[in-house]
Amino acid sequence: MNLKDTTLYRFLIVLLALASIPALFGGVMEPDGALYASMSKNIILFKDWFNLYGRGADWLDKPHLTFWISAASFKIFGISSFAYKLPSFLIGLLGSWYVFKLAKDIYTEKTGLISALIFLSALHIITSTFDVRAEIYITTFTLASIYHFYKAHKNSFWHVVAGAFFAACAILIKGIFVLIPVFAGFIIYWLFTKQYKQLLNPKWYIAILLIFVFITPELYSLYTQFDLHPEKIVFDRTGVSGLKFFFWDSQFGRFFNNGPIKGKGDISFFLHTTLWAFLPWSILFYAAVVNLFKKKNRANLPPESIMIWASAAVTFLIFSLSKFQLPHYILIIFPQFSIITALYLQQLEGKTFKVFFTVQNVVLALVFTLLLVIWFLFGFDKAYLVMFVILGGAVITFTYLKGKTLKTLVGRSAMLSVTLSLFLAVFFYPALLKYQSGMHAGNWLKENYPAAKPAVLNYIDAFSFDFYAPGEVKYLHNYADLDKSKNQKDLVIYVSETELPKLKAEYNAEVLKTFEYFHITKLTGKFLNAKTRPQVLEHFYLVKVH
């Protein structure tokens, strides 16, 4: 392939974006994606943009902006999985543009293009296009804020405003902890370069003031839904302050593990998470980090590089020390990872380059082999087509791009990610979603019984049913709730297998439809193997009480 380096990188960026489009037309996955989609649906159903409801009750966990964005898309395109996923896809592309802009402005255009390419082709970015949560929003908004504050160094007031706006958007997605990756890099950069006056520069205090101005819609929403109503039961207790939760419990409470939502921290968690989440670049990234510890390798880099390293390092350390850890948190510093890796790739030469060129080819070959193993075991409907995509991707990756050059290394890695993106979005995830019973139950109800009044009995995690079923889904938390509602016309209940005997014996329940279920975000070997899959499947039912 005889293309100029930068032309090839642009082509691959476009190809990666195009390969992500099929993900927009797949279903919404449980748990988080379907929960957020159902809550956004409630905003439209209840015509209430200030109060959040999930699982049939007042909901206090993440701030509102994720749901406002999805609900706005529902307003424009109607309530659908496509409308839910589209904003995240577009904002993800915006994030890649900011990766390019930041790396280009500090380094070179070529560094910017490679950084954007690495960002878009990282495995967890690819999977996040299908399994849409809040992290792509946080990643883009945080990076946009860093970029505009970096430009504000050049004394442009409008960049101060833009930086504050995007920082506020990130807060409205996740909470005030996102200010750490935004400002930590700058503060450490100023200290290392002895720009102490920047710490007292009025524009940064104006930025902080603007951030608080921009988050006032969130503060108003929390105050009116919770602080004005201490009688509401939240986290199994009354007197819960939405404002206190926003500023303390949701952030510091999780970090110190003394808030209402607890976890079990492992200091090595994000080290091994990065290993798979940042594929196919993770080994190169770890080598790049080790390389930065040698002073001579930092000598020719602009001093602003400190800002990028420090932002990533401080955030990674805080995540690792936190007691509440989830894999998708690491996405927030993928832009910095991408830039660090892109810089290292361009420094490689001689024997070192040959070693990593070989290592990267081995990584690519192992991933293609893993895809073939999954293909062999899973039992896809269009098995030969799936195999054709995997093998076709492998052939293009290893034969179309030849020679031991940087262009070949980057191009082959990106082509693996294109193949991965198509495999996941077109074949693998749709095959998994066959076992997301709530989605199929909701769709069946919508098509066959549109007048139904849907409900869920003794099960609070029916997020996809909540989203796909027609209208509002009522949550019946016990049989006393069912007794109050059983005479409602067109009541149809979504229940697990454990509830069925009692419903049949005591409520003369009629089974309308049976659905197979598996927790598809916690895959096991038995589930992936078509021969043993029936052993691990559960069943859910749509029933009508007579």
*Who are the ring-ring contact (aromatic ring centres under 6.0 Å, His included) partners of Y150, not counting sequence neighbours?*
none
_Under the rule for ring-ring contact (aromatic ring centres under 6.0 Å, His included), what residues qualify as partners of Y220, not counting sequence neighbours?_
F50
*asked:* Please identify which of these residues, F245, Y53, F67, meets the ring pair (Phe, Tyr, Trp, His ring centres under 6.0 Å) condition with W59.
replied: F67
*Are D227 and K244 close enough for a salt bridge, meaning some N to O gap below 4.0 Å?*
no
_Residue pairs passing the side-chain hydrogen bond (donor to acceptor under 3.5 Å, both in side chains) test where at least one lies in residues 412-423, sequence neighbours excluded_ = Q360-S413, N361-R412
_Main-chain N/O of A312 paired to T315 side chain as donor or acceptor, under 3.5 Å_ = no
*Which residues satisfy the ring-ring contact (aromatic ring centres under 6.0 Å, His included) test with W204, sequence neighbours excluded?*
F149, H153, W190
*Could you please spell out the steps behind the side chain to side chain contact (heavy atoms under 4.5 Å, CB included) verdict for Y286 and V290?*
CA-CA 6 Å; Y286 282 134; V290 172; 5.7 Å; no
*Under the side-chain hydrogen bond (donor to acceptor under 3.5 Å, both in side chains) rule, collect the residues that match up with Y147, sequence neighbours excluded.*
D105
*Could you tell me which residues satisfy side-chain contact (heavy atoms from CB on, under 4.5 Å) with V14, sequence neighbours excluded, listed by chain and number?*
L18
*Looking at residues at least two apart in the chain, or sitting in another chain, which of them share a ring-ring contact (aromatic ring centres under 6.0 Å, His included) with F467?*
F74
*Lys/Arg N to Asp/Glu carboxylate O, E349 vs K354, below 4.0 Å*: no
*Which residues satisfy the side-chain contact (heavy atoms from CB on, under 4.5 Å) test with T66, sequence neighbours excluded?*
Y36, A134, Y137, I173
*With sequence neighbours excluded, tell me which residues meet side-chain hydrogen bond (donor to acceptor under 3.5 Å, both in side chains) with T193.*
Q195
*Identify, with sequence neighbours excluded, every residue that meets side-chain hydrogen bond (donor to acceptor under 3.5 Å, both in side chains) alongside T521.*
H519
*asked:* Can you list everything that forms a side-chain contact (heavy atoms from CB on, under 4.5 Å) with K203? Sequence neighbours excluded, please.
replied: N155, V160, Q198, N201
*Partners passing side-chain contact (heavy atoms from CB on, under 4.5 Å) against F77 (at least two apart in sequence or in another chain)*: S73, A83, L86
